[in-house]
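To find a chain, count down the sequence lines: A is the first, B the second, and so on, and within it residues start at 1.
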There are 2 protein chains.
Amino acid sequence: MPQIPPPRADTELTPSDHVVLGMISLGASTGYAIKQTVERSIRFFWTISQAQIYPSLQRLEQVGLIRGRDAPRGRRPRREFALTRAGRAALVEWMRADEEIPFELRDTGMLKLFFADTLAPDDAAALLERVRERSAGRLRALRAIEPEAQRAAQGGNLHPLLTLEMGMSFTQAMVDVCESFAERLAAGAR
Amino acid sequence: MPQIPPPRADTELTPSDHVVLGMISLGASTGYAIKQTVERSIRFFWTISQAQIYPSLQRLEQVGLIRGRDAPRGRRPRREFALTRAGRAALVEWMRADEEIPFELRDTGMLKLFFADTLAPDDAAALLERVRERSAGRLRALRAIEPEAQRAAQGGNLHPLLTLEMGMSFTQAMVDVCESFAERLAAGAR
DNA sequence: GAAAACATGTAAGTAGTTACATGATTCG
DNA sequence: CGAATCATGTAACTACTTACATGTTTTC
């Protein structure tokens, strides 16, 4: 007996559609601005390519969640979008929805480390150090955007700072485990 | 001037191919066993579907990195694989390679939280609690596999325990940030 | 005797990427 | 005046997923 066909209806939005909706709600009114804002703010836990954004804007406008108007700068074409009432409702509904909240991690560093017992001790130690340094670098990148999140928090937008703190804690935890393990390996080698 | 064309050569392996290679090196000799092992050990930072595994095994055998032999159980067909010398070298080379180590996180929870300033305070608090509970649940799942990693470490396979500790630490970090933020929000509401 | 686990494979579809394609405006 | 930034869009491709398809052996 055939299974029920994939339930993704035509009106259902992808996570990326919700990112577009959310970024417009924060004032990023053009496709270009959405991409910039994503890179400055949520890039460390969500990415979206330009090639997704423009079709998404078209879809969202078609289903009435956003409204676009031409707003050229000089003779350079440009289109500004704003949420409709339905769009704001859809965004809120998505955040309130009582469904499972996906979390996907794909970390080549952890993958390599997992298999590292096959490696010569020096190579394993070098890999561990490379993974530590990578995390340390990401931590520096997050610290660089912290002032902006602090400013937003002062202005009443608290949650970007929350996610940033989460990212920093998360990354710091990876650095810490790398360091404590490196010490243990060094102690074990003696 | 045209860009350099995509450098992925025919002989280059995908990350998933390396997972297959690595799992075989740890003694998972059939496609089925590889899938089981992935689910028990690295699922929280890497997934691979059955539909990827069997074609990958075929590719890896074609390029001489693994060798398969029929090993049926009764009349149920079954194929066992082992690394060739070239296969072991390729695995080690991949871990030693001095290239950037990709890290990809896609967290719908952080995404929703990022936009949560639009939400009514109660709804934002409820979302934060749902994200906290999700992380707490993942932490329990990781603790459940800890004994197995401990046993592997006793047997000289230290690195599975390293990656597990990393996972537990960063998951705990997310729980902690959720809790501290919930307190701050509650204090701010008073 | 039924359900769970073992075991392998493929077809069709989805979500996402990179690269191509084009051009205007601003800044140094 | 050249480079960086602003701005929009699409074509081709890749990786990955779900579901289909099938059958055996073990466990309760």
Rounded to whole angstroms, how far apart are [atom1] on [X] and [atom2] on [N]?
X        : N      : atom1 : atom2 : answer
A/Glu104 : D/dT17 : CD    : C1'   : 11 Å
B/Arg59  : D/dT14 : CZ    : P     : 13 Å
A/Glu39  : D/dC6  : CD    : C1'   : 15 Å
A/Arg43  : C/dT17 : CZ    : P     : 11 Å
A/Asp17  : C/dT14 : CG    : P     : 15 Å
B/Asp70  : C/dA7  : CG    : C1'   : 13 Å
A/Ile53  : C/dT18 : CD1   : P     : 13 Å

- Which atom of A/Val177 lies closest to which atom of B/Ser169, heavy atoms considered: CG2-OG, 3.3 Å
- Item | Rounded to 10 degrees, the angle between the two terminal axes of the helix from C/dG1-D/dC28 to C/dG28-D/dC1, each from five pairs | 50°
- Would you please name every residue forming a side-chain hydrogen bond (donor to acceptor under 3.5 Å, both in side chains) with B/Arg76, sequence neighbours left out? none
- Query: What residues, two or more places apart in sequence or in another chain, satisfy side-chain hydrogen bond (donor to acceptor under 3.5 Å, both in side chains) together with B/Glu146?
  - Reply: none
- Message: Heavy-atom nearest nucleotide on DNA chain C for B/Gln36 versus B/Arg106: which residue maps closer to 5'?
- Response: B/Gln36
- Task: Scan B/Ser56 against the nucleic acid and name what it touches under 4.0 Å (heavy atoms): base, sugar-phosphate only, or nothing.
- Result: nothing
Which atom pairs link the protein and nucleotides 7-10 of chain D when you take only N or O atoms and keep those under 3.5 Å?
residue, atom, partner, partner atom, Å
D/dA7, OP1, A/Arg78, NE, 2.7
D/dT8, OP1, A/Arg79, N, 2.9
D/dT8, OP1, A/Arg79, O, 3.4
D/dT8, OP2, A/Gly31, N, 3.3
D/dT8, OP2, A/Tyr32, N, 3.0
D/dT8, OP2, A/Tyr54, OH, 2.9
D/dT8, O4, A/Gln50, NE2, 3.1
D/dG9, N7, A/Gln50, OE1, 2.9

- Item | A/Asp70: partners by salt bridge (charged side-chain N to carboxylate O under 4.0 Å, His left out), with sequence neighbours left out | A/Arg79
- Residues in salt bridge (charged side-chain N to carboxylate O under 4.0 Å, His left out) contact with A/Arg132, at least two apart in sequence or another chain: A/Glu129, A/Glu179
By side chain to side chain contact (heavy atoms under 4.5 Å, CB included), which residues pair with [X], not counting sequence neighbours?
X        : result
B/Phe103 : A/Leu105, A/Asp107, A/Arg134, A/Arg138, A/Phe170, A/Met174, B/Leu105
B/Ala125 : none
B/Ser41  : A/Phe114, B/Met23, B/Thr37

- Hey, are B/Glu104 and B/Arg106 close enough for a salt bridge, meaning a charged N less than 4.0 Å from a carboxylate O? no
Does a side-chain N or O from [X] land closer than 4.0 Å to OP1 or OP2 of [N], or not?
X       : N      : result
A/Ser49 : C/dG16 : no
A/Thr14 : C/dA15 : no
B/Thr47 : D/dT17 : yes

